[in-house]
Structure formats: structure tokens, C-alpha cells
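One structure is given here, and the rest of the page talks about it.
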Amino acid sequence: MKVFLERFMSSKDQVSSQFSQLEQLKRQVTAIYGLLSNIYGSDKLVLRAGKLEALQLMRSDKIEERVLALQKLVFEDPTYEALPTMEEIPDILEAIQDEIADIIARRTVEEELEKKIGEKMNQRHEDYIREIKMQVIKENTGPENAQTLKRLAILEKLDSKKLASSAMKLLRPETFEEIVGQERAVKALLTKLASPFPQHIILYGPPGVGKTTAARLALEVAKSMQGVSFSKDAPFVEVDGTTLRWDPREVTNPLLGSVHDPIYQGARRDLAETGVPEPKLGLVTDAHGGILFIDEIGELDPALQNKLLKVLEDKRVFFDSAYYDPNDPNVPQYIKKIFAEGAPADFVLIGATTRDPEDINPAVRSRCAEVFFEPLTPAAIQRIIHQAAKKLQVEMDEQIPETISEYTIEGRKAISILADAYGLACFRQQSEGTQGSVYITQQDVYEVVQVSRLTPYVLRRASADQEVGKIFGLGVSGYLGSVLEIEAVAFEARSQGQGNIRFNDTAGSMAKDSVFNAASVIRKISGKDISNYDLHVNVVGGGRIDGPSAGVAMMLAMLSAVQDLPLPQDIAVTGEVSIQGKVRAVGGVFEKIYGAKQAGIKKVFIPEENHKDVPADLKGIEVIPVCNVEEILAAILPGYKLSILAS
């Protein structure tokens, strides 16, 4: 820039070389004024001179005053007062030219920056206009665009394609009359709901017997009754305890609800922008005024169970967040109300489980009434199959209900077998070109059983025969009873008093103790010393016996083997045997009786102390309570009792 000025000034100097030095300085000063006028503009230059007290000096005829004015204008310093001498003027003009060169350079850079800034501002302005246009379009057309509308069309097309409803959905019970074999449980469930003061309930029982369906139907029945707490629109909220997950940090809790903090969990946009946490209500609030049904409640996380107990007590859910400020004017009223008062959660809890009562949280049990669903008998399974066949509108072989009842004790599984056989029959008839209604054959069921690798549920069945050293005991696992086939064989020992007893190692220590108790009872009753025999006692199948309830059965099998006494094979016994021959109480009598019925047992001998556990409306099996083993022997071996009395 300075080079340009020098060239500009030198060109002037060449023209004025014939003038005197004074004239040259005047022309140089005039040229500088002209350059300043071009830089600032004439009007602005005059205003600038007025502010710097250089206006009069600038208009003076004296070169010294004009140079002084240039100093004030170029250096923007009004403190210049001394007039320069003629000797100083050339150097001053040189310094002024340097400063003007710097000013022009800065002006050039500033102009380039201003140009770029202007371009950016124009771009931002265009973007802002475009954003405003998009916002206006969205407000007029909604959040949809071509892509979202295309995906919506795909979803609607998918929804239009529907398969027929599943057989399991079609065959699901729709009334209490269709829930077979659970009359007492259904009545107990209804009585606890259909009142002004409904109770929380836990439903116990094996899988596939109708617990979930019964709970759903119970609410519908209760809503139609007078004087109940449920309104006509009372909700039924169902959740599975095995799949219900939650975060202990309360980031998410679908059961009780959680708070979505604006930074981490992402509240709604309008709330996140103002830093307001947003409570997300849970299933307990969805169930307010109705029923919250938790299937497999025993699988629910223990910590979550404890939190649920707090909700049951308070009938509300309370939320907390470090981001919540009650004095923040941006917080909506509904969020303030939730944080201040909590969310309503007044509901009736119904939990279903296949676990034993001892496995359920005692605090939960103490707040709930308990209803036990019963294992299904073969007759109940057969009735379910007949109902399902009627709904499917199919015909079938007469033996099919009995066949299916041999392979399952679950109503759901029985229906599944029938549905599979129905599908197989449809396929077979289409392959054969047969027209008309579907007919399910016995072979269809057997093919389903074979493909599914099913085995008969009851492997041991009663018979009208009599056998030496063999009898049926009774066991229970969970809610399912079963028969235990106990057998014994006795040989005279090679040496008197040197006999030994062998027994299953897998049966457990208590069962082994029962064997030795039985040995003492046998000696007391018959006078036979077990030590004179090599005796082998076996639980067929190697099942583990956790308690002493097979003691009486073992004693009878051993006595039969030692004295070669045939025992009837259509009876079963349960009870702990004492060394004095008394029959003591045992657990699970209710389930054991049902297990005996499934095996075709005609008579069951139970301890007298368990007589109260026998259902009052029991049919199809005779239950005989006894106090000691002599009463059992008198019933099954009348002649043996007479021989004891004679001796």
C-alpha cells in the first residue's frame, strides 16, 4: 500500500519538478487531503475535522497549519498544538503517508471481513427463513412427510393381512362354566372380590388350570353385581412377573413408574428445553380403580416386591427428582400435583404363582387372601377336550379325550394337543381330497404325541391283582401328587441275625430312617426279626422322598415280603410310621389324593390327623383315615388280623 502511495506521489513530483520546494510541499499536502477525502468522504472528513478541532487549520492558506491539521486528522489526536517548521514538514508528511497506508490496509481487511460476515448473515437469514417455512408447513400439515407416510402405508397394508385367530384363543374359556375342575377355587375368588371391601389375592396352583382366566372373568362378574367397589369401566391390567424388568436407579420402572429427567432420560421436548423432569406413570396407576394381575408373582424381583408393598399401603405412588424445583414457573400444574401428592394407585392386587406358599414374600402373603387351584383330574381333562371339540366344531374318536388325559394334567396343554391333532387332521383330509367336516382320529393324536415326545403322565396304574412285596405310596411335588411304587424282596440270611437291609441311596436319609422304623413295627406285629433276612427295599424309578410320609407303605411292603403276603394293587397308603406302629400326620394329603385318583386307585389310607384335609365333595375314590398300622392290616388283610389276635 505504501508503494502505491509513493508511486502516486512520485507521479505528482515529476509533474511539479519545475516548481519550487514549497510548491511541491503544498501540492503533496493537497494530494494527501484528496486521498483522505476519498477514504472518508468529504462530509465525514469535515465532521472528523470538527471533532478534532482541525477544521480552521484545514482551511488555512498556511502550509504549516494545514500539515498540523493533517496530523490531527490522520493520527486522530487533537493534542497536536505546535506548528511544524518547514524543515520538519517532509518527515511529518512521510509519517502521515505511512499511517494512511496502514489505514487503507486495515480498511481493505475490514471490507473483506464485512463481506464474509455479510455472506454468512445472508446464509443464516436464508436458513432462518427456510426453517420458518418448514415450521409453518408442519403446523399446517402435521409432522408427516413423504417417508413417514410411506411407512404408515406399509404398516396399514401389513395390518390388512390377518391370519385366522389361533386355536388357543378360540378355545380359551369365556365363562366360569368352562373353567373345569375349579368350582371351589372360583367361588373363593369371587367371594373375595364381589364385596364392598375387596381383598388382595394370591392364586396358587399348577400351570394351565385357569388361574389367569378366572381372575379376568371374576372382575367382569364382580362389575355386574350390586354393592361392589368396582365401576363398570374398572380396568384389568395384566403383567408377567418373569419378564418385568426395572432399573434400581429408577431410570425406568414400568410397574410403579419413573421420572424422565430432562438431561439423561429425555423428557418431552418442551419440558427438556426448560429443564423440567417428567414423571412417567406405571402400571399401578393404570390399574387404579380396578385389578392389577401379576402372573408368576413369585418371580418378581424382591426389591420391587418391597416397593409394591409400599404402594399397597399408601394407595399412591410418590416420585422424586433432583431436577424438580416447585418454584420454577415453567413446571406445568399436573407435574407439580404429581410430585406434591403422588399418583393414585388404589387397586386390587391378584398374584398368580406355581410356587409353594413358603416361596412367596411373607409380607406380600400377609396382605393377601390365598386361593388354591386344584390339579386337574383325568375326568376334568376329558371334559375340557369335549368342550374344545365342540368349539372347534369337529368330530373325533371316542377314545381321544381319555388318551389325551393320559399325557397331561394341564388344561392348556390338553387343548394344545387337540389343536395340533386338528391341524394334522385338516392336512390329512386335504391331502386325501376329502370334503366335509374335519374328523380327528386316534392316530392323529398319537402322531402329535410322538412328534412332541410326550410321555404318559401316570406311569404306574392300579390294578385288581394282588402282589407280594409291592404297594403304592403317595408323594407330592409342588401342587402335583403322584403314586410311588414301592417294592421289597426278602431272603433268609445265610446266618441267623446276620441279615442286612438295602435301600435306594437316592431316596434320602429320612426315607432310610422310615425303613428301620418299619423293621421295629414288623417285629412288634409279627414277631419276625428282620435281622434274619436279607431285605432289599426299592422305590421304583429311584425317586427322592424328602419326608417320612412313605413309612407306612414301606412297612407294608417289607411285611408282605417277609411273610409272603399278597397285597391288593388298587390301594395306596400315606403316613409316617412310628416305632410303636402309629400312623402320624403328613403334608400334601389333598394333592396326594388327586394323584391317587389319576392312577386309578380305589382306596387311600391316610392318618386320622389328616382327616380334615380331605375335600368334603370328593368323588371317585374312598379315603380311609387310620390311627395305626393294625387298622390298615385289618382292612386289606382281614385274615392276618385274626392270626395276630390268636397269637
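Given the structure is predicted, the values throughout are model-derived calculations rather than measurements. Quick note: residue numbers are just sequence positions, from 1.
- With sequence neighbours left out, the ring-ring contact (aromatic ring centres under 6.0 Å, His included) criterion links Phe347 to no other residue.
- Asn610 places a side-chain heavy atom less than 4.5 Å from the side chain of Asp613.
- Lys223 meets the side chain to side chain contact (heavy atoms under 4.5 Å, CB included) test with Leu219, Glu220, Phe230, Ala234; sequence neighbours excluded.
- Residue pairs satisfying the salt bridge (Lys or Arg N to Asp or Glu O under 4.0 Å) criterion with at least one member in residues 523-536, sequence neighbours excluded, are listed as follows: Arg523-Asp529, Lys524-Glu630.
- Listed by chain and number, the residues in a ring-ring contact (aromatic ring centres under 6.0 Å, His included) with Phe590 are Tyr594 (sequence neighbours excluded).
- In this view, Tyr533 satisfies the ring-ring contact (aromatic ring centres under 6.0 Å, His included) rule with no residue, not counting sequence neighbours.
- For the residue pair Gln598/Thr377, the side-chain donor-acceptor check at 3.5 Å is not satisfied.
- For the ring-ring contact (aromatic ring centres under 6.0 Å, His included) test, no residue two or more places apart in sequence or in another chain qualifies with Tyr446.
- Side-chain contact, Glu177 with Thr175: a donor N or O sits under 3.5 Å from an acceptor N or O.
- Among residues at least two apart or in separate chains, ring pair (Phe, Tyr, Trp, His ring centres under 6.0 Å) pairs with a member in residues 366-416 are Tyr204-Phe372.
- Among residues two or more places apart in sequence or in another chain, the salt bridge (Lys or Arg N to Asp or Glu O under 4.0 Å) test is passed with Glu370 by Arg365.
- For Glu178, the salt bridge (Lys or Arg N to Asp or Glu O under 4.0 Å) partners are Lys391, not counting sequence neighbours.
- Judged by distance alone, the side chains of Gln569 and Asp465 never bring a donor and an acceptor atom under 3.5 Å apart.
- Glu299 meets the salt bridge (Lys or Arg N to Asp or Glu O under 4.0 Å) test with Arg355; sequence neighbours excluded.
- Inter-residue side-chain proximity for Ile636 and Val573 is flagged as unmet; no heavy-atom pair is nearer than 4.5 Å.
- Take Val614 and apply the side chain to side chain contact (heavy atoms under 4.5 Å, CB included) test, not counting sequence neighbours, and it matches Ile593, Ile606, His611, Leu618, Val623.
- In terms of the salt bridge (Lys or Arg N to Asp or Glu O under 4.0 Å) criterion, residue partners of Arg428 (sequence neighbours excluded) are, by chain and number, Asp444.
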| Step-by-step side-chain contact (heavy atoms from CB on, under 4.5 Å) determination, Thr213 to Arg172 | CA-CA 8 Å; Thr213 302; Arg172 180 181 297 164; 4.2 Å; yes

